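Please read all numbers here as calculations on a predicted model, not as lab measurements.
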Amino acid sequence: MADRQGLRTDQAPAPAGGYSQGVAIDGFVYTAGMGPIDPATGKAVGDDVATQTRQVMKNLGAVLAQRGLGFEHVVKATVHLQELHRDFAEFDKAYREFFTADPAPVRTTVGSDLNNILVEIDFVAHE
């Protein structure tokens with residue numbers, strides 16, 4: 001089996017269970033699903049999906065940075081929205097602030113029952 005390296009930073013929320021913030025293996029980085037948690041307080045930020053999306057992206061960016069990566073290295077995003085139909089347009093506008101170059105990563109966006117948050121996202125990035 002190839003070497004796996006767990007990624008950990010205090011600039012993203014600490015795992016709430018038995019998982020890593022990210023794992024690097026074979027030139028890829030896989031992140032855990034991140035919510036809009038401020039790593040300094042451990043509390044969710046914002047009451048709207050745009051504010052929460054920006055915090056999620058900051059958290060994910062911090063995990064990528066542990067391998068010297070940025071958003072331009074992301075090849076796949078999976079997004080969960082608590083209120084898919086209501087919040088999709090506002091989410092997408094905030095999300096696009098972080099992906100300004102073409103091609104944007106592929107993305108799957110689904111409605112999910114989230115635990116008191118509006119958005120959760122995970123990434124696959126390539127080094």
Side-chain angles (χ1 to χ4, degrees):
M1 179 175 206
D3 285 337
R4 294 187 314 166
Q5 179 186 4
L7 305 177
R8 175 111 172 106
T9 176
D10 61 2
Q11 300 301 304
Y19 59 90
S20 298
Q21 290 172 324
V23 171
I25 186 168
D26 289 340
F28 286 93
V29 171
Y30 300 86
T31 72
M34 294 278 168
I37 307 302
D38 179 333
T41 66
K43 306 269 188 220
V45 301
D47 294 328
D48 62 276
V49 76
T51 301
Q52 288 195 6
T53 298
R54 290 182 189 103
Q55 182 63 49
V56 169
M57 298 297 275
K58 289 176 191 175
N59 294 341
L60 289 164
V63 175
L64 294 174
Q66 291 301 294
R67 292 290 287 197
L69 305 179
F71 292 104
E72 68 276 12
H73 294 95
V74 177
V75 296
K76 170 81 167 97
T78 303
V79 178
H80 299 268
L81 295 176
Q82 176 70 31
E83 301 291 341
L84 178 63
H85 298 290
R86 180 191 77 189
D87 288 345
F88 181 81
E90 189 178 351
F91 149 76
D92 190 57
K93 185 176 177 184
Y95 175 91
R96 287 173 183 247
E97 294 171 12
F98 295 84
F99 294 108
T100 57
D102 283 329
V106 298
R107 182 176 84 195
T108 301
T109 306
V110 298
S112 295
D113 187 12
L114 302 174
N115 190 16
N116 298 317
I117 59 174
L118 298 174
V119 60
E120 181 176 314
I121 303 171
D122 67 81
F123 286 159
V124 177
H126 189 263
E127 298 180 293

pair [X]-[Y]: side-chain heavy atoms closer than 4.5 Å:
| X | Y | answer |
| --- | --- | --- |
| Phe123 | Met57 | yes |
| His73 | Val29 | no |
| Asp87 | Gln82 | no |
| Lys43 | Asp38 | no |
| Thr100 | Phe71 | no |
| Gln21 | Pro15 | yes |
| Lys76 | Thr108 | yes |
| Thr51 | Pro36 | no |

Check whether more than 12 heavy atoms from other residues, nucleotides or ligands sit under 6.0 Å from atom NZ of Lys58, and answer yes or no. no
CZ (Arg86) with more than 12 external heavy atoms under 6.0 Å: yes
Provide the closest heavy-atom pair for [X] versus [Y] in the form atom of the first, atom of the second, distance.
| X | Y | result |
| --- | --- | --- |
| Ile117 | Ala44 | CG2-CB, 4.2 Å |
| Val119 | Val79 | CG2-CG1, 4.2 Å |
| Pro39 | Gln11 | CG-O, 3.3 Å |
| Leu118 | Gln52 | N-OE1, 2.7 Å |
| Ala94 | Phe98 | O-CD1, 3.4 Å |
| Ala125 | Leu64 | CB-CD2, 3.7 Å |

Got a second to check how far [X]'s [atom1] is from [Y]'s [atom2], nearest 0.5 Å?
| X | Y | atom1 | atom2 | value |
| --- | --- | --- | --- | --- |
| Asn115 | Glu120 | CG | CD | 10.0 Å |
| Lys93 | Phe88 | NZ | CZ | 14.0 Å |
| Ile121 | Thr109 | CD1 | OG1 | 8.5 Å |
| Arg4 | Asp26 | CZ | CG | 11.0 Å |

Check the hydrophobic clustering (I, L, V, M, F, W, Y; side-chain heavy atoms under 4.5 Å; chains of links allowed) and say if [X] and [Y] are grouped together.
| X | Y | answer |
| --- | --- | --- |
| Leu84 | Val56 | yes |
| Tyr19 | Ile37 | no |
| Val124 | Leu7 | no |
| Leu69 | Tyr95 | yes |

Within 45° of the axis and under 6.0 Å from the centre of the six-membered ring of Phe99, does NZ or CZ of Arg107 qualify? no
Any residue meeting salt bridge (Lys or Arg N to Asp or Glu O under 4.0 Å) with Glu97, in chain and number order, not counting sequence neighbours: Arg54
Check the pair Glu83, Val49 against side chain to side chain contact (heavy atoms under 4.5 Å, CB included), reporting the backbone distance first and the verdict last. CA-CA 9 Å; Glu83 301 291 341; Val49 76; over 6 Å; no
